[in-house]
Amino acid sequence: MNYSTFSHVPNATKASPDWKPGDDDAVDSETASLLLDIDGSPLRGDEDSTVTVEGIQKYLLPESRKIGVMGAFFLILNKMIGTGIFSTPSSIFASTGSVGICLLMWAVAGLLTLSGLSVYLEFGLAIPRSGGEKNYLERIFRQPRYLATSVFAVQMILLGFSSGNSLAFGRYVLLATGHPQPDGWPARAIAVLCITFVVTLHAVLPRWGLRLTNALGVFKVIVLLLIVFSGFAALAGHRLVPDPHNFDHPWVIEKGDGYGGGGAYAYATAMLQVVYSYKGWENANYVLGELKNPKRTLSIAAPLAVVGVTILYVLANVAYFAAIPKADLAKSEVIVAGLFFRNVFGESVAARSLPALVALSNIGNVLAVSFAHSRVNQELAKEGILPWSQFWASNKPFNTPAASLFLHWIVTVIVLVAPPPGPAYNFIVNLYTYPGAWINTFVTCGLIYLQWSKTEDWTSPWHTYLPISVVYLLLNLFLAITPFVPPNSDWNADGYPYYAFPLVGTGVLVLGGVYWVMWTRVWPRVGGYAVVAQRVVDEYGDEVVRYKKVGVE
């Protein structure tokens with residue numbers, strides 16, 4: 001197994017001959033000027049972007065491949081606008097039974113997202129490297145060494161999948177073709193083809209992957225604007241169903257056919273699903289190392305994307321309520337947008353073409369998630385945290401993180417084909433989102449500590465004021481704790497015990513601690529050696545990672 005240490009220094013470095021696993025200063029950066037091979041000879045990369053010589057890999061991203069403001073904007077927008085806004089309004093209304101509370105939740109979630117964005121902007125502009133929370137947790141929790149990184153790594157690898165939006169893509173494709181049952185194995189087969197296409201495109205033709213991501217981002221905005229303006233038309237009476245009268249008493253909390261009466265648990269679950277629909281605002285933080293002028297790009301693209309998506313989300317929900325009766329909305333599950341199209345446009349070519357556009361929106365999300373999460377996987381592998389890290393960190397053979405993309409594909413496909421049909425989809429959605437509440441809690445607590453500790457000497461071009469951090473912290477604690485509160489209704493209403501997804505989600509984080517113990521204590525002792533990953537910057541300004549076996553006493 002791998003044990004690693006890393007150093008980010010302005011010049012290339014060499015390993016200290018006296019280093020042992022666990023030392024804090026594994027690299028002598030003051031006296032060294034070159035990265036040396038095992039025999040002491042200088043190591044210099046050739047023109048290739050990845051050079052492997054005695055376990056050494058060099059990473060060089062051409063300037064033409066770096067992402068500008070619009071690219072970062074669409075990278076965030078594509079991850080934010082996925083299956084959530086087209087599906088989760090159904091379950092959110094079913095949990096609350098109130099039109100007004102539903103709309104309020106979407107607006108509050110937008111404010112929550114902006115407060116979280118402020119926290120992540122402060123970290124991202126201070127630490128402009130790819131990896132997102134991995135870098136922030138490492139800056140905050142430096143002891144025990146790599147414990148926080150291991151917890152984050154297990155959560156990211158096991159739960160950072162693209163299964164939800166891949167499955168939604170399959171379902172909407174079937175809906176667009178008039179399939180009588182847009183669920184089950186046909187949808188899953190299409191979902192597997194979707195993630196396979198996306199991973200292959202990013203690995204083999206990375207520029208075209210980003211171009212398709214940007215193009216689908218434009219499509220997403222068009223689809224949402226079409227829903228919004230169609231909703232305005234529905235409010236004016238232009239619909240093919242009777243007036244649902246959903247806005248007659250919007251703040252009344254009702255209990256009807258399939259909606260209302262869920263209690264605190266239902267509200268917490270609903271809020272989690274709204275947050276899931278906004279998830280993706282942090283996407284550019286994962287790829288900061290691939291942005292042009294990352295500080296300027298992130299500070300412009302991220303707020304612009306979040307504000308725009310928040311406005312579109314609230315107006316889209318108004319449109320749904322303008323055309324769909326409450327009972328139908330509560331039972332529509334993941335095809336609420338398809339039901340909206342039928343009620344407004346009827347069973348026509350337009351009604352079938354619009355779900356196809358929603359499917360394109362879903363694949364845009366898969367493109368954005370796969371691009372960003374593969375970079376996080378690669379960053380974890382560069383530090384030797386993953387088993388077979390040298391393979392997962394490789395940029396061969398296309399000068400792309402193809403191996404890390406493959407890892408993302410493996411986990412996504414397993415999640416797609418393993419769970420049985422039915423309530424498994426909602427469980428996956430909740431499980432995917434829930435551990436992030438704890439991660440955000442740790443990151444926000446860490447920022448408050450860094451800002452108030454005089455010994456930390458924390459500086460950043462962006463400042464998050466304490467009230468904003470506290471609000472974001474409290475909301476994440478609410479999202480993390482409330483799902484453990486028993487619901488007023490059936491404890492197994494969703495097909496599994498109410499405590500299943502928060503318990504399993506928390507267990508994944510605990511598993512990260514177990515992995516840290518095995519990785520840093522047990523396996524090195526059993527094997528008699530550790531594989532060390534040294535991350536340095538050479539004299540040319542390129543990142544170099546070296547993997548080396550080191551004996552353990």
Side-chain angles (χ1 to χ4, degrees), residues 1-6 20-24 26 131-161 163 373 376-393 404 407-408 410-412 414-415 418-419 427-428 430-443 445-446 476-477 479-481 483-484 496-497 499-533 547 549-550 552-553:
M1 293 305 292
N2 299 340
Y3 194 94
S4 67
T5 184
F6 67 96
K20 299 187 297 296
D23 287 352
D24 287 336
E133 295 97 329
K134 167 193 161 297
N135 299 317
Y136 315 151
L137 293 170
E138 286 176 348
R139 175 63 177 85
I140 299 163
F141 304 102
R142 296 190 291 276
Q143 297 297 332
R145 192 180 182 91
Y146 292 123
L147 173 58
T149 309
S150 298
V151 171
F152 174 74
V154 171
Q155 180 259 344
M156 179 59 70
I157 297 297
L158 296 183
L159 301 181
F161 44 73
S163 307
H373 284 207
V376 177
N377 294 345
Q378 187 180 51
E379 290 298 314
L380 293 168
K382 285 178 182 179
E383 293 186 11
I385 291 174
L386 307 181
W388 309 291
S389 281
Q390 189 172 351
F391 171 74
W392 300 122
S404 292
L407 177 60
H408 182 77
I410 291 173
V411 177
T412 297
I414 289 175
V415 173
F427 182 83
I428 290 172
N430 292 333
L431 185 61
Y432 173 80
T433 311
Y434 177 78
W438 284 116
I439 296 295
N440 292 338
T441 297
F442 298 146
V443 170
C445 285
N476 276 286
L477 285 173
L479 295 174
I481 295 173
F484 285 102
Y496 50 86
Y499 51 80
F501 87 83
L503 188 63
V504 174
T506 304
V508 170
L509 300 179
V510 175
L511 182 62
V514 174
Y515 178 78
W516 175 80
V517 172
M518 300 298 293
W519 171 57
T520 62
R521 300 292 187 267
V522 178
W523 287 320
R525 296 297 177 185
V526 172
Y529 67 89
V531 177
V532 180
Y547 299 88
K549 289 184 178 180
V550 177
V552 178
E553 298 179 357

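In what follows, every heavy atom counts, from backbone to side chain, and hydrogens, waters and symmetry copies are set aside. Start at 1 with the first residue, then count along the sequence.
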Under the criterion side-chain contact (heavy atoms from CB on, under 4.5 Å), I'd like the reasoning laid out for Asn440 against Leu479: C-alpha separation, chi angles, the key distance, then a yes or no. CA-CA 11 Å; Asn440 292 338; Leu479 295 174; over 6 Å; no
Closest non-hydrogen atom pair between Lys382 and Ala393, with its separation: N-CB, 3.9 Å
Between Tyr515 and Pro387, is any pair of side-chain heavy atoms under 4.5 Å apart? yes
Can you tell me if Arg142 uses its side chain to pair, donor with acceptor, with the backbone of Arg139 under 3.5 Å? yes
Taking every non-hydrogen atom, the tightest pair across Pro435 and Leu159: CG-CD1, 3.3 Å
Contacts of Ile140 that satisfy side chain to side chain contact (heavy atoms under 4.5 Å, CB included) - sequence neighbours left out: Phe123, Leu450
At what distance, to the nearest 0.5 angstrom, does CZ of Phe501 lie from CZ of Phe484? 8.5 Å
Give me the atom names and distance for the closest heavy-atom approach of Lys134 to Glu379. CE-O, 3.8 Å
Check the pair Leu509, Ile439 against side-chain contact (heavy atoms from CB on, under 4.5 Å), reporting the backbone distance first and the verdict last. CA-CA 9 Å; Leu509 300 179; Ile439 296 295; 4.2 Å; yes
To the nearest 0.5 Å, atom CG of Leu147 lies from atom OG1 of Thr520 at 8.5 Å
So which atom in Leu137 and which in Phe152 form the shortest heavy-atom distance, rounded to 0.1 Å? CD1-CB, 3.8 Å
Ignoring hydrogens and geometry, is there a side-chain-to-backbone donor-acceptor pair from Trp516 to Arg145 under 3.5 Å? yes
I'd like to check the side-chain hydrogen bond (donor to acceptor under 3.5 Å, both in side chains) partners of Trp438; sequence neighbours left out, ordered by chain and number. Tyr434
Closest heavy-atom pair and its distance - Ser404, Trp392: OG-O, 2.6 Å
Closest heavy-atom pair and its distance - Thr441, Asn476: OG1-CB, 3.4 Å
Check for a donor-acceptor pair, side chain of Ser163 on one end and backbone N or O of Thr412 on the other, with a separation under 3.5 Å. yes
Please identify each residue that fulfils side-chain hydrogen bond (donor to acceptor under 3.5 Å, both in side chains) with Thr149, with sequence neighbours left out. Glu138
